[in-house]
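Right, one structure below, let's go through it.
Proteins get letters first, then strands, A, B, ... in listed order; numbering begins at 1 in each. A quick note: this is a predicted structure, and the numbers were derived from the prediction, not measured.
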Amino acid sequence: MPYDYQPFPYTTPPGLTSPEPRHKAVIAGAGPIGLAMALELANYGVPSVVLDDNNVVSVGSRAICWSKRSLEILDRLGVGEKSVAKGVTWKVGRTYHRDAEVFNFDLQPEEGHKMPAFVNLQQYYVEEYLVEAAQANGLIDLRFKNKVTNIRQNEDCATIEIETPDGTYHLEADYLIACDGAKSPIREMIGLDFKGELFEERFLIADIEMQAEFPSERRFWFEPVFHPGQSALLHKQPDNIYRIDLQLGWDANPEEEKKPENVIPRIEKVVGHSKFKLDWVSVYTFQCRRLDSFVQGRVIFAGDSAHIVSPFGARGGNGGLQDVDALGWRLAAVLDGRSPPAILGDYDSERGHGADENILNSARATKFMTPADGIERLFRDQVLALAAKAPFARAWVNSGRLSVPCVYPGAGPDDPALPKVSRPGSVAPDAPLGNGWLIDRLGGEVMVLAFGCGVSDIGGATVIKPELTDLIRDRYLGDATAAVYLIRPDQVVAARWPYVDPAAITKAIARLWRQ
Amino acid sequence: MALIDTTNLADHDGFYAELLATHQGLSEMQSQALNAQLILILANHIGNRQVLSEALKLARQNIG
């Protein structure tokens, strides 16, 4: 069944009749990033107003691949298990050249994680679940059909002009978080440069509904027989919906290509029959761009408004959720007076690093998928030719390097005797713990994990002493007999020591909050 | 410098002849394809990023 788009209710905002008191946080955009931001802030007790110019969820599947890290974040916001239950879980990707498989990968070869490597779920479902959670949360004031038309800011606050079906009003906010997407009107209103690269290539993207027994795997073709000389992707989604991406070339006319009479014959060649229904079609180009700084005074950018990448790495939606992860606890600390605004600079540098890594990876994949004529195409074609006869060349076959969270630089202290997988700056690796999962015990506050040793009370942190299972030893101790880990509210490892040093822990906690 | 820039190949004249012989009978396009594969094969075999970077720099010197 195709998705049933239900409009969300519009209610007349109070600001239309009398001025509203200043809000702590106003979020522009009720997409997955804006909604996640509101729920994350609510987890820290911070109320927010969410404004959206529209009143329905995203049209078309758009972001479909949610990574393990995103699922862990969504889980903290109360919609992770629901997303996994509805979504199509997959971890194997297969890459073909013409009609032969040249390469496959398994994204989660090891056991012992609550969340799978990837779940495919249409963006409209993720938004629906997040809207439900936000509507049920007393700290979140969701306002549909409230369009931001102008903003001003001074040292003290941001002032937001808003248009509604009943007229215009304005709000004041300590901070405005712009989660208003790739074409971010707020970015335009401030006049910020969105620097980067446009790739001269067009892709057709389509959701089709069909009964088929394709396995839950990602399939990518270079120069398939059914679409000669170009690239193609097939991905399974819930409700018997399949996502198909087809490379068209730069000369393709987007308006012509979107017409069903042109799309349907192309898809018939991919699936080999005509027993499907076209659900949604779009044509897009690849771009990689970012803002120089994601923090602009009282306006903070998160998600596509701050950075965009070309697809095939699942780095757009997933990258945006990681922004929410890195921003929420810090913004809450500034609003509570616990930390100085300088802590927002840590958000900017960490997520700037993440954006650069995502842009680097997706730009490389784009170059491999859509090589320029001449030497780029020569090497690309010869990698594919070599991959058929020599195993080492398969690693060069690049149909997108899928999103994994970056390791934040500048964390620490560290000790090289401890396992690499849990080094400072990484998300604390999950493992089974008791009847549940370690990841469920972490986050929301600063924590100290004491493995194989005792730590007495530390000011400003909750101490937990997990049981030493084999997987926990592998992921946190290695050959060491004891270790102390400091975990941030976003479940990222802040520092670690192979011994107990309360003074060092206290110092690292103060550094985390920029105190 | 990690890249060996002095003679390091026994029977280097023999290798040169074999390299040319391998290309024999190929069109210019086919020769380019063979060279590209050869670079990839040797790069993987060398397996040392620094050596490869130095080799790329040396090859690029005084060209274009």
Worksheet item: Taking atom CD of B:Gln32 and atom CG of A:Leu378, what is their separation to the nearest 0.5 Å?
Response: 5.5 Å
Worksheet item: Which region of B:Ile39, side chain (C-beta onward) or backbone (N, CA, C, O), has a non-hydrogen atom less than 4.5 Å from a non-hydrogen atom of chain A, or is it both or neither?
Response: side chain
Worksheet item: What heavy-atom pair brings B:Ile41 and A:Phe392 nearest, and what distance separates the two atoms?
Response: CA-CZ, 3.6 Å
Practice prompt. Might you confirm whether atom CG of A:Asp479 has over 12 heavy atoms from other residues, nucleotides or ligands at distances under 6.0 Å?
Written response: no
Worksheet item: What do you reckon, is CZ of A:Arg364 surrounded by more than 12 foreign heavy atoms closer than 6.0 Å?
Response: no
Worksheet, complete the sentence: Closest non-hydrogen atoms of B:Leu40 and A:Gln382, given as atom of the first, atom of the second and distance, are CD1-C, 4.4 Å
